[in-house]
Amino acid sequence: MTEARPDLVIYGSPISPFVRKVAGLCIAKDVAYEVEAVNVFDPPAWFRDISPMKRIPVLRDRSVAEEGVAGTIPDSSAICAYIEKKHPAPALYPQEPMAYAEALFIEEFADTSLAMAGGLGIFRPIFFAISKGEAPGLEKARDAWANQLPLLFDILEQRLDGRAFFAGDALSIADITVACVLMQISLVAETPLDRWPGLAAHFAAMQALPAIAQPYAVAEKIVRKALPTPFDLT
Ligand SMILES: N[C@@H](CCC(=O)N[C@@H](CS)C(=O)NCC(=O)O)C(=O)O
């Protein structure tokens with residue numbers, strides 16, 4: 001028996017935290033999806049047409065259109081908001097207005113500040129170098145871990161304030177996004193969070209969820225082929 005083709009296609013790579021964020025939202029909602037590989041650094045012409053910012057992920061909803069720009073959405077935040085509208089249960093955005101705004105802010109904070117420090121500051125200098133057969137950029141990564149991330153972890157610790165979730169009293173897009181971006185660091189480096197006990201507890205709880213663990217396992221399998229053991233940046 002063959003599985004039905006899912007409506008939702010995520011173009012990109014599981015190595016991207018933004019692809020894993022969309023995949024995580026789908027898993028948490030039990031919505032079928034597939035990931036179609038696109039190398040964003042050398043994309044095919046059809047992908048350039050649907051990715052105005054030359055970024056992954058882009059979503060295609062085949063139930064809307066099978067090809068062309070129609071039925072596609074660039075940007076993980078727009079994609080997740082679309083999937084929430086299309087598949088409202090379980091809700092992954094809080095109902096209460098202030099909690100809703102908090103969730104959107106934490107999502108944005110993780111997508112920008114945290115991703116800059118963890119992705120561009122740590123993951124890329126290590127993994128991209130190793131993939132090209134070069135020495136890992138440990139100096140840059142150690143600088144990001146020591147000088148950029150603590151301020152961001154302080155903010156997350158303060159926002160979390162000992163709670164189980166960043167916004168409202170249930171899992172939301174905020175929790176999924178923070179975990180996916182933090183795990184971008186874990187792909188290449190140990191991620192000790194002892195100085196931020198609330199964030200450490202949140203991170204451990206998130207890592208136990210299939211929505212976070214399953215897409216990460218796919219990425220980890222790819223990364224471990226080139227880097228068997230994560231680095232200690234402390
Ligand atoms: N805000 C975008 C960010 C997407 C993004 O930066 N993706 C990275 C991969 S992790 C990318 O496509 N980078 C291409 C490049 O740097 O040229 C989103 O949330 O989708």
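Start at 1 and go down the list; that is how both ligands and their atoms are numbered. Positions are given from 1, in the same order as the sequence printed here.
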Nearest non-hydrogen protein atom to atom 20 (O) of ligand 1, with distance, is Ser76 N, 2.8 Å

Go through the side-chain N and O atoms of Asp7 and Tyr33 and say whether any donor and acceptor fall under 3.5 Å apart. no

Is the distance between the ring centroids of Trp46 and Tyr11 under 6.0 Å? yes

Based purely on interatomic distance, does Lys21 place a nitrogen or oxygen under 3.5 Å from a nitrogen or oxygen of ligand 1? no

Before we go on, tell me: are the rings of Phe105 and Tyr100 under 6.0 Å apart, centre to centre? no

For Val40, the ligand 1 atoms with a heavy-atom partner under 4.0 Å come out as 12 (O), 14 (C)

Can you tell whether the side chains of Asp111 and Lys21 come within less than 4.0 Å, N to carboxylate O? yes

Specify the closest pair of heavy atoms between Arg142 and Asp232, including all atoms of both residues, with the distance to one decimal. NH2-O, 2.8 Å

Considering only heavy atoms of Pro57, which atoms of ligand 1 have at least one such atom less than 4.0 Å away? 20 (O)

So is Pro17 close enough to ligand 1, meaning a heavy atom under 4.0 angstrom away? yes

Contact (N/O only, under 3.5 Å) between Asp75 and ligand 1: yes

Which bit of Glu108 is near ligand 1, meaning a heavy atom under 4.0 Å away: side chain, backbone, both or neither? neither

Considering only non-hydrogen protein atoms, determine which one is nearest to atom 13 (N) of ligand 1 and report residue, atom name and distance to 0.1 Å. Arg124 NH2, 3.4 Å

Regarding ligand 1, does Arg55 bring an N or O atom to under 3.5 Å of one of the ligand's N or O atoms? yes

Which heavy-atom pair separates Ala211 from Ile27 by the least distance, and what is that distance? CA-CG2, 3.7 Å

Below 3.5 angstrom, do we get any N/O pair linking Ile56 and ligand 1? yes

Tell me whether the centres of the aromatic rings in His202 and Phe165 are closer together than 6.0 Å. no

Look up atom OG in Ser172 and atom CD in Glu84, then write down how far apart they are to the nearest 0.5 Å. 9.5 Å

Please state which protein non-hydrogen atom is closest to atom 10 (S) of ligand 1 and give its distance, to 0.1 Å? Ser16 OG, 3.3 Å

Determine whether the side chain, the backbone, both or neither of Lys54 has a heavy atom under 4.0 Å from any heavy atom of ligand 1. backbone

